[in-house]
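All values below were derived from every heavy atom in this structure, side-chain atoms included, with hydrogens, water molecules and symmetry-related copies excluded. Order of listing sets the numbers, starting from 1, for every ligand and every atom in it.
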Amino acid sequence: MRQQQQKVYAVVPAAGIGKRMGAALPKQYLNLDGRPILSHTLSRLLAHPDISQVVVALSPRDTLFDQLAEAGDDRVRRVDGGGERADSVLAALNAIDDDDAWVMVHDAARPCLRQQDITRLLQQAGTQGGILAAPVRDTMKRATAAGDIDHTVERQGLWHALTPQLFPLVALREALAQALAQQASITDEASAMERVGWQPTLVEGCISNMKVTHPDDLRMAELLIKEL
Ligand SMILES: Nc1ccn([C@@H]2O[C@H](COP(=O)(O)OP(=O)(O)OP(=O)(O)O)[C@@H](O)[C@H]2O)c(=O)n1
Ligand SMILES: C[C@](O)(CO)[C@H](O)COP(=O)(O)O
């Protein structure tokens, strides 16, 4: 459980190229309701009173970030990201000099984050951290290589992992570095912590906290962002 005096740093991996989006720009810079996706994401984190600073991992070739209004906020710092999302997150963690801190890692591609979800994660995460997540609503199928149904997966106890994901800085930095050194497949911070035996808390978050991944997601996010 985070102690009140322990600072919270937000880490935003934003160095991806958005292959699945197939746009001319990296998807974090696509326009959403009048401004880039990354601008929405940063402003939501900066608006929360318990977040001290935001460290954004960007492509070394990023020339768009400085055009964002949030780039001028003195609580925002940029670092060079890496080849994979986990490398970008670790680069940001290595730039934080506060071993007593906790970090809240949130995808740049999830602009529809609600303040109450950030608060709930901070309040409900346990001593082994926590993640926002949404219980699976649909019946889940495992596919055969041919694309047919192999079997139905029991959905009881099955959750979609979202972000933010909240952990003590030092523990996450060590677990992530170890996972990457061992070339483990890490697609979220919790999986790095699970590898070292942690059982983070699942904190139910709003399913509207979607990750903009494919073109259709942008249209959905346009509808959702207006409701926040
Ligand atoms: N080397 C990378 C790859 C991804 N990300 C970030 O991690 C988040 C989630 O990743 P994803 O949705 O997969 O974004 P992309 O990698 O850009 O998408 P794609 O896989 O379609 O290329 C995004 O905000 C993305 O910018 C990152 O910081 N560094
Ligand atoms: C971190 C994440 O958003 C949790 O669902 C997801 O794992 C990111 O996956 P991606 O393939 O890097 O978008």
S.K.: Check A14 against ligand 1 and report side chain, backbone, both or neither, counting heavy atoms closer than 4.0 Å.
M.R.: backbone
S.K.: Could you check L93, L169, V103, V105 and say which one makes a side-chain contact (heavy atoms from CB on, under 4.5 Å) with Y9?
M.R.: V103
S.K.: R110 to ligand 2: N or O pair under 3.5 Å?
M.R.: yes
S.K.: Looking at ligand 1, does any of its N/O atoms fall within less than 3.5 Å of an N/O of V212?
M.R.: no
S.K.: Check D107 against ligand 2 and report side chain, backbone, both or neither, counting heavy atoms closer than 4.0 Å.
M.R.: side chain
S.K.: Can you tell me the protein heavy atom closest to atom 11 (O) of ligand 2 and the distance?
M.R.: R20 NH2, 3.2 Å
S.K.: Please report which non-hydrogen protein atom sits nearest to atom 4 (C) of ligand 1, along with the residue it belongs to and the distance in Å to one decimal place.
M.R.: G16 CA, 3.6 Å
S.K.: Is any side-chain heavy atom of L122 less than 4.5 Å from a side-chain heavy atom of L166?
M.R.: yes
S.K.: Consider only side-chain N and O atoms of R44 and Q115, and report whether a donor and an acceptor are under 3.5 Å apart.
M.R.: no
S.K.: Just to be sure I read this right, does ligand 1 sit under 4.0 Å from the backbone of R85, its side chain, both, or neither, counting only heavy atoms?
M.R.: both
S.K.: Tell me whether D99 is salt-bridged to R173, with the criterion being a basic N under 4.0 Å from an acidic carboxylate O.
M.R.: yes
S.K.: Got a salt bridge between D107 and R85, using NZ or NE/NH1/NH2 to carboxylate O under 4.0 Å?
M.R.: yes
S.K.: Can you list the ligand 1 atoms lying under 4.0 Å from a non-hydrogen atom of S88?
M.R.: 1 (N), 2 (C), 27 (C), 28 (O), 29 (N)
S.K.: Classify the side-chain pair H48/T119 by whether it contains a donor and acceptor separated by less than 3.5 Å.
M.R.: yes
S.K.: Should we say atom CD of Q182 is surrounded by more than 12 heavy atoms from elsewhere, each under 6.0 Å from it?
M.R.: yes
S.K.: Under a 4.0 Å N-O cut-off, is there an ion pair linking K211 with D217?
M.R.: no
S.K.: Find the distance between CG (L176) and CD1 (I186) and round it off to the nearest 0.5 Å.
M.R.: 7.0 Å
S.K.: Which ligand 1 atoms are under 4.0 Å away from a heavy-atom of A109?
M.R.: 24 (O)
S.K.: Is there a polar contact, in the sense of an N or O pair closer than 3.5 Å, between A108 and ligand 1?
M.R.: yes
S.K.: For ligand 2, note which part of T163 has a heavy atom under 4.0 Å away: side chain, backbone, both or neither.
M.R.: side chain
S.K.: I'd like to know if the side chain of E154 reaches the main chain of Q156, judged simply by a donor and an acceptor atom lying under 3.5 Å from each other, with no hydrogens or angles considered.
M.R.: yes
S.K.: Report yes if A161 has an N/O atom closer than 3.5 Å to an N/O atom of ligand 2; otherwise report no.
M.R.: yes
S.K.: Strictly by modelled atom types, are S52 and K7 linked by a side-chain donor-acceptor pair under 3.5 Å?
M.R.: no
S.K.: Under a 4.0 angstrom heavy-atom cut-off, which atoms of ligand 1 come close to K19?
M.R.: 19 (P), 21 (O), 22 (O)
S.K.: Quick check: T213 and ligand 1, any N/O pair under 3.5 Å apart?
M.R.: no
S.K.: Is a donor from one side chain sitting under 3.5 angstrom from an acceptor on the other, for S43 and R35?
M.R.: yes
S.K.: Are any of the N or O atoms of D107 closer than 3.5 Å to those of ligand 1?
M.R.: no
S.K.: Do me a favour and list the nearest non-hydrogen protein atom to atom 17 (O) of ligand 1 with residue, atom name and distance?
M.R.: G18 N, 2.8 Å
S.K.: Quick one: does R85 get an N or O within less than 3.5 Å of an N or O on ligand 2?
M.R.: no
S.K.: With a 4.5 Å heavy-atom cut-off, do H40 and R110 have their side chains touching?
M.R.: no
S.K.: Are H106 and ligand 2 in contact, using a heavy-atom cut-off of under 4.0 Å?
M.R.: no
S.K.: Counting non-hydrogen protein atoms only, what is the nearest one to atom 12 (O) of ligand 1? Give residue, atom name and distance.
M.R.: K27 NZ, 2.7 Å
S.K.: Without swapping roles, check the side chain of S59 against the backbone of R61 for a donor-acceptor pair under 3.5 Å.
M.R.: yes
S.K.: Would you say E84 has more than 12 foreign heavy atoms packed within less than 6.0 Å of its CD?
M.R.: no
S.K.: How far is atom 23 (C) of ligand 1 from the closest protein heavy atom, and which atom is that?
M.R.: P13 O, 3.7 Å
S.K.: So, regarding K211 and ligand 2 (criterion: nitrogen or oxygen to nitrogen or oxygen, under 3.5 Å), is there a contact or not?
M.R.: yes
S.K.: Run down the list L132, N209, D188, T187 and name the one with the heavy atom closest to atom 6 (C) of ligand 2.
M.R.: T187
S.K.: Students should be able to answer this: which protein heavy-atom is nearest to atom 13 (O) of ligand 1, and at what distance?
M.R.: R20 NH2, 2.6 Å
S.K.: Pick whichever of G82, G81, A86 has a heavy atom sitting closest to atom 1 (N) of ligand 1.
M.R.: G82
S.K.: Nearest protein heavy-atom contact for atom 28 (O) of ligand 1: which residue, which atom, what distance?
M.R.: A15 N, 2.9 Å
S.K.: Quick check on contacts: which atoms of ligand 1 are under 4.0 angstrom from a heavy atom of G83?
M.R.: 1 (N)
